[in-house]
Enquirer: 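Take this structure, written in structure tokens, and hold onto it; I'll ask about it next.
So that the names make sense, note that chain A is the first sequence line, chain B the second, and so on, each numbered from 1.
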Amino acid sequence: MMNYWLFKSEPSTFSIDHLSKCFNQITYWDGVRNFQARNYLRDQCKKGDMVLFYHSNADPPAAVGVSMVVKEGYVDSTAFDPQDKHFDTKSKKEKPTWYMIDIKFVMKFRREVSLDEIKKNAKLQKMVLVRPGTRLSIQPLTREEFEEIVRMGK
DNA sequence: GCCAACGTTGGC
DNA sequence: GCCAACGTTGGC
């Protein structure tokens with residue numbers, strides 16, 4: 001069964017345009033250091049799942065495009081690298097704490113779908129994104145929600 | 001840059 | 001296993 005996800009990224013760090021310019025338009029989604037998000041990445045993100053690409057801390061915050069899972073959960077080795085921003089002393093190679101996946105660029109929306117528009121759309125009221133107090137950087141969404149946002153952005 | 005809300009840490 | 005302190009997230 002295919003799943004649908006929303007991935008947050010700060011465009012100043014990594015935007016949809018960065019993704020589209022990657023070699024083969026594929027990147028690894030590293031640096032997730034939250035257990036709930038980790039569980040989704042490690043256990044539930046499957047090859048072929050669709051990912052809504054969302055710009056957080058942006059002006060305006062918005063869904064900006066679509067990507068796809070091309071490699072399922074594997075060890076995030078940046079956690080072992082003391083030079084890396086996401087280094088974590090507690091993650092051991094014998095028993096890694098953190099995982100990542102690979103995603104591939106699918107499309108950039110013709111127009112961004114802002115958080116404001118999402119909040120105003122009656123069909124999108126149940127999204128994790130608009131639930132008060134949720135800061136998850138990896139969140140599931142339903143096929144209907146995904147398709148509605150793609151429709152708005154096309 | 002502010003700050004509320006949340007997750008994590010660590011002392012007890 | 002409680003909970004205060006701290007760090008981070010992310011909209012504004």
Enquirer: Provide, to the nearest angstrom, the distance between the CG atom belonging to L136(A) and the C1' atom belonging to dT9(C).
Expert: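 For the pair L136(A) CG and dT9(C) C1', the rounded distance is 11 Å.
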
Enquirer: Between E148(A) and K123(A), is the closest basic N to carboxylate O distance under 4.0 Å?
Expert: yes

Enquirer: Should V75(A) and W98(A) be counted in the same cluster of Ile, Leu, Val, Met, Phe, Trp and Tyr side chains packed under 4.5 Å apart?
Expert: no

Enquirer: What is the separation between atom CD on Q36(A) and atom P on dT9(C), rounded to the nearest whole Å?
Expert: 15 Å

Enquirer: Please give, in whole Å, the distance from dC12(C) C1' to D59(A) CG?
Expert: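 Whole-Å distance recorded here is 10 Å.
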
Enquirer: Should the pair E117(A)-R111(A) be classified as a salt bridge under the 4.0 Å nitrogen-to-oxygen rule?
Expert: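 Result for this pair is yes, salt bridge flagged.
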
Enquirer: When you measure from the side-chain N and O atoms of K85(A) to the phosphate of dT8(C), is any distance below 4.0 Å, counting only OP1 and OP2?
Expert: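 Answer is no, no contact under 4.0 Å.
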
Enquirer: Is there a side-chain contact between K8(A) and the phosphate of dT9(C), meaning an N or O under 4.0 Å from OP1 or OP2?
Expert: no

Enquirer: In this structure, how many angstroms lie between the P atom of dG7(C) and the CZ atom of F35(A), rounded?
Expert: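 These atoms are roughly 18 Å apart.
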
Enquirer: In whole Å, I'd like the distance from the CZ atom of R131(A) to the C1' atom of dG10(C).
Expert: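 Rounding to the nearest Å, CZ of R131(A) and C1' of dG10(C) are 17 Å apart.
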
Enquirer: Starting from C1' on dT8(C), measure out to CZ on R38(A) and report it in whole angstrom.
Expert: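 About 18 Å, once rounded to whole Å.
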
Enquirer: Closer to the 5' end of DNA chain B via nearest nucleotide, is it N57(A) or G133(A)?
Expert: N57(A)

Enquirer: To the nearest angstrom, how far is L115(A) atom CG from dG10(C) atom C1'?
Expert: 10 Å

Enquirer: Using atom CZ of R135(A) as one end and atom P of dA4(B) as the other, report the distance to the nearest whole Å.
Expert: 14 Å

Enquirer: Anything under 30° is parallel, anything over 60° is perpendicular, the rest tilted; go ahead and classify F14(A) against W29(A).
Expert: perpendicular

Enquirer: Would you please confirm or rule out a distance under 4.0 Å between OP1 or OP2 of dG11(C) and any side-chain N or O of Y54(A)?
Expert: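 Answer yes for this pair, as a side-chain N or O of Y54(A) is under 4.0 Å from OP1 or OP2.
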
